[in-house]
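These notes concern the structure reproduced below.
We count residues from 1, following the sequence as given. Everything quoted here is computed from the prediction, not taken from an experiment.
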Amino acid sequence: MTSLVLGLDLGGSSSKWHVRRGLEVLGAGAGPPVTATLLATEAGRVNLRALREALPAGIGAVWAGLPGFGASRPDAADLLAQLAEGLGLGPGRVHLESDLDLAFRAHLRPGEGVLVYAGTGSVAYHVAAGGQVRRAGGHGFHIDDDGAGYALGRAALRWLTGQLDRGDTPGGSLALEVQAVTGGLDWDALRRFTYAQPGAAAVARLAPAVGRAADAGDAVACGILRDAAEALAALAVTVQRRLPAAVPVVATGGALRVSPLFGAELRRACPGVVMQQRDHAAAAAWSAAHLLESRWLDPLPPGFTPGS
């Protein structure tokens, strides 16, 4: 086999990719956000073109996890076709699934544990040995996503705008870190930054600023991380209560990398729970490429079931 295989972990803040041929890793990187919602917009199509241009030539097949995707969606076939066309491939060369199924498989086997994922959004996710899914959260930033990157940024903006509403001048490490990202702390600057693009990506960009401020000892930022950890812990508990027996928790996602304090707060919020924190930066994209490589068929058959 000479064609390259591509693993894609698409996301609301960025999209990770991993290219390989056999055991040889030919490249890995990150591109702009792509979600099921964005694919229907011109911004999403622009992002997909930019992602394609960053990839090496000769991609033969793709295994992708897409936020918001599910096989039961009435537009599932359209989303698959849009993604395939954007990547310059026929639909038969692309296997598309939920980013949550891909993330779970990257870190756990069915029945083994609960995945708590905190990226732009947040979710607790369990796949039973028989394939049944139990989940909490993950309904998008209009409804929840508490504890994730979007929520961290939103909390920082709420604190800042509260200071402005009271006529106070925001100060401290958190204000300085946010200003470095937004370009200003007045309402006009914060509004331009927050609403310049659709979706949650802009606000989620402030999550590292919260982490840096917490590392510097900023009390407000530390409180934001503590509240976020408690929200993630609540998701894990919600899923655990629906299982016949307690299972370990694997916590992962870009939001947890903003500060080592975040992981410590999460463990503190889950007393008595076996918890492991793992890096998700490339794991899901690598897993997708590995699955595709190990199950290469020309073309991928209709109804191809991952992990079977």
Side-chain angles (χ1 to χ4, degrees), residues 9 11-14 16 100 103-104 106-108 112-126 135-138 141 144-160 170-178 180-181 200 203-241 243 246-284:
D9 179 31
S13 292
S14 66
K16 310 299 190 304
L100 298 178
F104 188 91
H107 299 285
L108 290 163
E112 281 190 349
V114 173
L115 179 74
V116 172
Y117 180 79
T120 302
S122 61
V123 67
Y125 202 76
H126 172 79
R135 60 178 288 168
F141 70 97
D144 49 31
D145 282 344
D146 295 333
Y150 172 79
L152 296 178
R154 180 183 60 194
L157 290 169
R158 282 179 172 174
W159 175 74
L160 286 166
S173 296
L174 181 58
L176 292 175
E177 291 289 352
V178 170
V181 180
V203 175
R205 281 178 53 204
L206 294 176
V210 175
R212 291 190 296 269
D215 291 342
D218 186 279
V220 175
C222 289
I224 291 174
L225 291 186
R226 183 167 54 253
D227 292 345
E230 291 174 356
L232 295 179
L235 294 178
V237 168
T238 298
V239 173
Q240 287 273 23
R241 287 175 175 168
L243 303 180
V247 294
V249 171
V250 170
T252 189
L256 289 170
R257 298 200 309 273
V258 302
S259 168
L261 297 174
F262 199 175
E265 290 288 354
L266 181 56
R267 289 188 292 273
R268 188 176 298 115
C270 294
V273 175
V274 177
M275 177 175 291
Q276 182 180 12
Q277 186 173 337
R278 298 182 185 173
D279 189 359
H280 191 72

Minimum heavy-atom separation for [X] to [Y], with atom names?
{"X": "Ala200", "Y": "Thr120", "value": "CB-CG2, 3.8 Å"}
{"X": "Ala118", "Y": "Leu232", "value": "CB-CD1, 3.9 Å"}
{"X": "Gly147", "Y": "Ala231", "value": "N-CB, 4.0 Å"}
{"X": "Ala221", "Y": "Ala214", "value": "CB-N, 3.5 Å"}

If you round to the nearest 0.5 Å, how far is [atom2] of [Y] from [atom1] of [X]?
{"X": "Arg154", "Y": "Leu206", "atom1": "CZ", "atom2": "CG", "answer": "12.5 Å"}
{"X": "Arg205", "Y": "Ser14", "atom1": "CZ", "atom2": "OG", "answer": "12.0 Å"}
{"X": "Arg212", "Y": "Leu176", "atom1": "CZ", "atom2": "CG", "answer": "11.5 Å"}
{"X": "Leu152", "Y": "Leu256", "atom1": "CG", "atom2": "CG", "answer": "9.0 Å"}
{"X": "Arg135", "Y": "Thr238", "atom1": "CZ", "atom2": "OG1", "answer": "12.5 Å"}
{"X": "Cys270", "Y": "Glu265", "atom1": "SG", "atom2": "CD", "answer": "11.5 Å"}

For Asp215, all residues meeting salt bridge (Lys or Arg N to Asp or Glu O under 4.0 Å), sequence neighbours excluded: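 For Asp215 there are no salt bridge (Lys or Arg N to Asp or Glu O under 4.0 Å) partners, ignoring immediate neighbours.
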Would you call the rings of Tyr150 and Phe141 parallel, tilted or perpendicular, taking 30° and 60° as the class edges?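 The arrangement is tilted - the two ring planes meet at 30° to 60°.
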I'd like to check [X] versus [Y] (side-chain heavy atoms, cut-off strictly below 4.5 Å). Are they in contact?
{"X": "Ser122", "Y": "Leu235", "answer": "yes"}
{"X": "Leu160", "Y": "Val178", "answer": "yes"}
{"X": "Val116", "Y": "Val250", "answer": "no"}
{"X": "Phe104", "Y": "Val114", "answer": "no"}
{"X": "Val247", "Y": "Glu112", "answer": "no"}

Between [X] and [Y] (side chain of the first, backbone of the second, donor and acceptor by atom type, cut-off under 3.5 Å), is there such a pair?
{"X": "Asp144", "Y": "Asp146", "answer": "no"}
{"X": "His126", "Y": "Gly113", "answer": "yes"}
{"X": "Gln277", "Y": "Thr252", "answer": "no"}
{"X": "Asp145", "Y": "Ala148", "answer": "no"}

From CA spacing to verdict: side chain to side chain contact (heavy atoms under 4.5 Å, CB included), Leu174, Trp159: CA-CA 10 Å; Leu174 181 58; Trp159 175 74; 3.8 Å; yes
Only pairs under 3.5 Å count here: list side-chain donor-acceptor contacts from residues 222-229, not counting sequence neighbours, and write none if there are none.
none

